[in-house]
Amino acid sequence: MALLPVAEALERLLEDAAPLQAESVALMDAADRVLAGPLMALRTQPPFNASAMDGYAVRADDVASVPARLSVIGMAPAGRGFAGTVGPVQAVRIFTGAPLPAGANTIVIQENVRDLGGGSIEVTASTVEGRHIRRLGLDFSKGNVLLEKGRLLDPAALSLAASANHPQVAVVKRPLVAIIATGDELLPPGSDLGPDQIISSNAYGVSAASRSVGACALDLGIAADRKEAIAALVKKAVDACADVIVTLGGASVGDHDLVHDVLTGEGMTLDFWKIAMRPGKPLMFGRLGDIRCIGLPGNPVASLVCTQLFLKPLLARLGGRAFRQDMRQARLGAALPTNDLRQDYVRAVVKEEAGTLEATPFSIQDSSMLRMLADANGLIVREPFAPAAAAGAACSVLMLR
């Protein structure tokens, strides 16, 4: 099977990927979820003309010239309005959020009032009609579309939904990613390693990347290099109703790389296998019914680079989220040799120098070196057959953080 260009692989992976079905969740549990449809106001806000300040509700004509002496005929705290009517040279003590009493048409703030005792006040500064009043429907009216489909429910959006009287909202279901590591050599962190064993690390980065775009991650553990062991975890993923199955390792061409055979044996239709990229050549993609299956390389760096390029865009699409890779232009901080037929993702440290980004590649690019990836904040993207580039040459950088 010929190596597939990165852009074509991504296009095929995202083909017909659409947001999952909607589910209703309590508003308190809806943070960072994506609206499945437009959200409309169920009420008008404010539901009445309301005072925006603590002070006195009066008639503007009575305080057009100051000082003006008025009689206080009642009080209007928030949540309990004054039932009477404000007449000439009368006032009602009012607090922020209380309904404006009938007859009043402006608010005198309390700083501009002197209490004379005996139920009388003196207004020391004039005001105009409508001052310090929040008019009925100032924020929104019943039936208004407040939030559009696809809006991420951030703190402001959640508060707005609550204000519009929504106790729950319809959101896009979070994609469920089932993660299966493979390999006899792997043990979980904290294990006592044998002489031929290593720690399984890829699942932690893949899980975190999945959650960063709103997905749920289900770590199914490590399958030994036996078809029946891998098949058992694939069955667990199917039983869990996973939207995406991600396998780690075991998808190359060695005698112990069994993932392809197991998945096709379970009914997966292979879409593509092997990408013209470095690191990440052994990437595999197929469909097991409605489940999308991605076989990531076993090398840790290749696994995480493929996660950034392929898995995160897919999960974002399924979760109804907008996603865009953070691509920037920079200059090289060190020379790079001629590239071959694969698209190269070169780990680099990106810094701003005199207003320009400078990307300095690490001298070693081995795909097993996680420390280097953790130190890198960008990947220099080099097209296939790119010529040698000197320090200072322009380059494209995929920012990682």
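The basis for the numbers below is simple: all heavy atoms, side chains too, and nothing from hydrogens, waters or symmetry mates. What you see is a predicted model; the values in this text were computed from it and never measured.
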Q) Going by an N to O cut-off under 4.0 Å, is there a salt bridge joining R292 and D16? A) yes
Q.
Using only atom types and a distance under 3.5 Å, with no angle test, would you say the side chain of N49 pairs donor to acceptor with the backbone of L136?
A. yes
Q.
Return the OG to CG distance between S24 and D29, rounded to the nearest 0.5 Å.
A. 10.5 Å
Q) Which atoms form the tightest heavy-atom contact between S207 and A217, and what is the distance? A) OG-CB, 3.2 Å
Q.
Using a 6.0 Å cut-off, check whether atom CD of E11 has over 12 heavy atoms from anything other than its own residue.
A. no
Q | S212 OG to F323 CZ distance, which is reported to the nearest 0.5 Å | A | 7.5 Å
Q: Quickly, which of N202, L370, L400, L311 forms a side-chain contact (heavy atoms from CB on, under 4.5 Å) with L304? Name it, please.
A: L370
Q. Checking E8 side chain against P5 main chain: does a donor-acceptor pair fall under 3.5 Å?
A. no
Q | R135 atom CZ: more than 12 heavy-atom contacts under 6.0 Å | A | yes
Q.
For a quick test of reading the model, state the closest non-hydrogen atom pair linking P297 to S303 and the distance between them.
A. O-CB, 3.4 Å
Q: Determine, for D139 against R43, whether the closest basic-nitrogen to carboxylate-oxygen distance falls under 4.0 angstrom.
A: no
Q. Is any side-chain heavy atom of V381 less than 4.5 Å from a side-chain heavy atom of M327?
A. yes
Q: Can you spot which of V206, I180, T307, V259 makes a side-chain contact (heavy atoms from CB on, under 4.5 Å) with L248?
A: V206
**Q.** Closest heavy-atom pair and its distance - A91, V58
**A.** CB-CG1, 3.6 Å
(Q) Looking at every heavy atom in both T106 and E129, which two are closest together, and how far apart are they? (A) CB-CA, 4.1 Å
Q. Counting N and O atoms only, with roles assigned by atom type, does the side chain of R278 sit under 3.5 Å from a partner on the main chain of L341, one being a donor and the other an acceptor?
A. no
Q) So, H166 side chain and M40 main chain: donor-acceptor pair closer than 3.5 Å or not? A) yes
Q | Salt bridge flag under 4.0 Å for residues E358 and R331 | A | yes
Q. Under the 3.5 angstrom rule, does the side chain of N144 hit a backbone N or O of S141 as a donor-acceptor pair?
A. yes
(Q) Using every non-hydrogen atom in the two residues, find where D62 and Q90 come nearest and quote the distance to one decimal. (A) OD2-N, 4.1 Å
Q: Identify the two heavy atoms, one from A17 and one from R317, that lie closest to each other, and give their separation to 0.1 Å.
A: O-CG, 3.2 Å
**Q.** L4/R12 under side-chain contact (heavy atoms from CB on, under 4.5 Å): CA gap, chis, key distance, verdict
**A.** CA-CA 10 Å; L4 193 66; R12 285 165 62 169; 3.5 Å; yes
Q: Calculate, to the nearest 0.5 Å, the distance between atoms CG and CG belonging to L314 and L309 respectively.
A: 13.0 Å
**Q.** Side chains of D154 and L152 in contact at under 4.5 Å (non-hydrogen atoms)
**A.** no
(Q) With a 4.5 Å cut-off on side-chain heavy atoms, are P361 and L336 touching? (A) yes
Q) Is the CZ atom of R371 crowded by more than 12 outside heavy atoms at less than 6.0 Å? A) no
Q: Report the C-alpha separation of L153 and D32 in whole Å, then their side-chain angles, then the decisive distance to 0.1 Å, and conclude whether the side-chain contact (heavy atoms from CB on, under 4.5 Å) test is met.
A: CA-CA 5 Å; L153 291 171; D32 203 37; over 6 Å; no
Q.
With a 3.5 Å distance limit and no angle check, can you tell me whether R134 reaches the backbone of A50 through a side-chain donor-acceptor pair?
A. no
Q.
For a quick check under 3.5 Å, do T124 and N112 share a side-chain donor-acceptor pair by atom type?
A. no
Q) In this structure, are over 12 heavy atoms from other groups packed under 6.0 Å from R131 atom CZ? A) no
Q) Are any non-hydrogen side-chain atoms of V34 and V171 less than 4.5 angstrom apart? A) no
Q. If you measure from the Lys or Arg side-chain nitrogens to the Asp or Glu carboxylate oxygens, is any gap between E23 and R33 under 4.0 Å?
A. yes
Q.
For R80, I'd like to know if atom CZ has over 12 heavy atoms of other residues, nucleotides or ligands within 6.0 Å.
A. no
Q) Are any of the side-chain heavy atoms of K149 and L35 separated by less than 4.5 Å? A) no
Q: Before giving the answer on side chain to side chain donor-acceptor pair (under 3.5 Å), spell out for N299 and S368 the whole-Å C-alpha distance, their side-chain angles and the decisive distance to 0.1 Å.
A: CA-CA 5 Å; N299 279 330; S368 69; 5.8 Å; no
Q.
For K173 and D243: C-alpha separation, side-chain torsions, deciding distance, then whether side-chain contact (heavy atoms from CB on, under 4.5 Å) applies.
A. CA-CA 10 Å; K173 176 181 173 286; D243 299 293; 2.8 Å; yes
Q: Begin with the C-alpha distance, continue with both residues' side-chain angles, and end with the deciding distance and a verdict on side-chain contact (heavy atoms from CB on, under 4.5 Å) for F362 and V349.
A: CA-CA 8 Å; F362 289 99; V349 173; 3.6 Å; yes
Q. Got a second to check how far L218's CG is from L220's CG, nearest 0.5 Å?
A. 4.0 Å
Q) Do the ring planes of H260 and W273 sit parallel (below 30°), tilted (30 to 60°) or perpendicular (above 60°)? A) parallel
Q.
Has T96 got a side-chain atom pairing as donor or acceptor with D54's backbone, closer than 3.5 angstrom?
A. yes
Q. Once you round to the nearest 0.5 Å, how far does CG of L398 lie from CG of D326?
A. 7.5 Å
Q | Contact check, side chains of Q168 and L27, non-hydrogen atoms, under 4.5 Å | A | no
Q | Separation of L146 CG from F140 CZ (nearest 0.5 Å) | A | 5.5 Å
**Q.** Electrostatic pair R342-D344, nearest N-O below 4.0 angstrom
**A.** no
Q) Do E383 and N339 come close enough that some side-chain heavy atom pair is under 4.5 Å? A) no
Q) Looking at side-chain heavy atoms only, is the closest gap between I94 and Y56 below 4.5 Å? A) no
Q.
Can you see whether Q110 engages R93 through a side-chain donor-acceptor pair at a distance of less than 3.5 angstrom?
A. yes
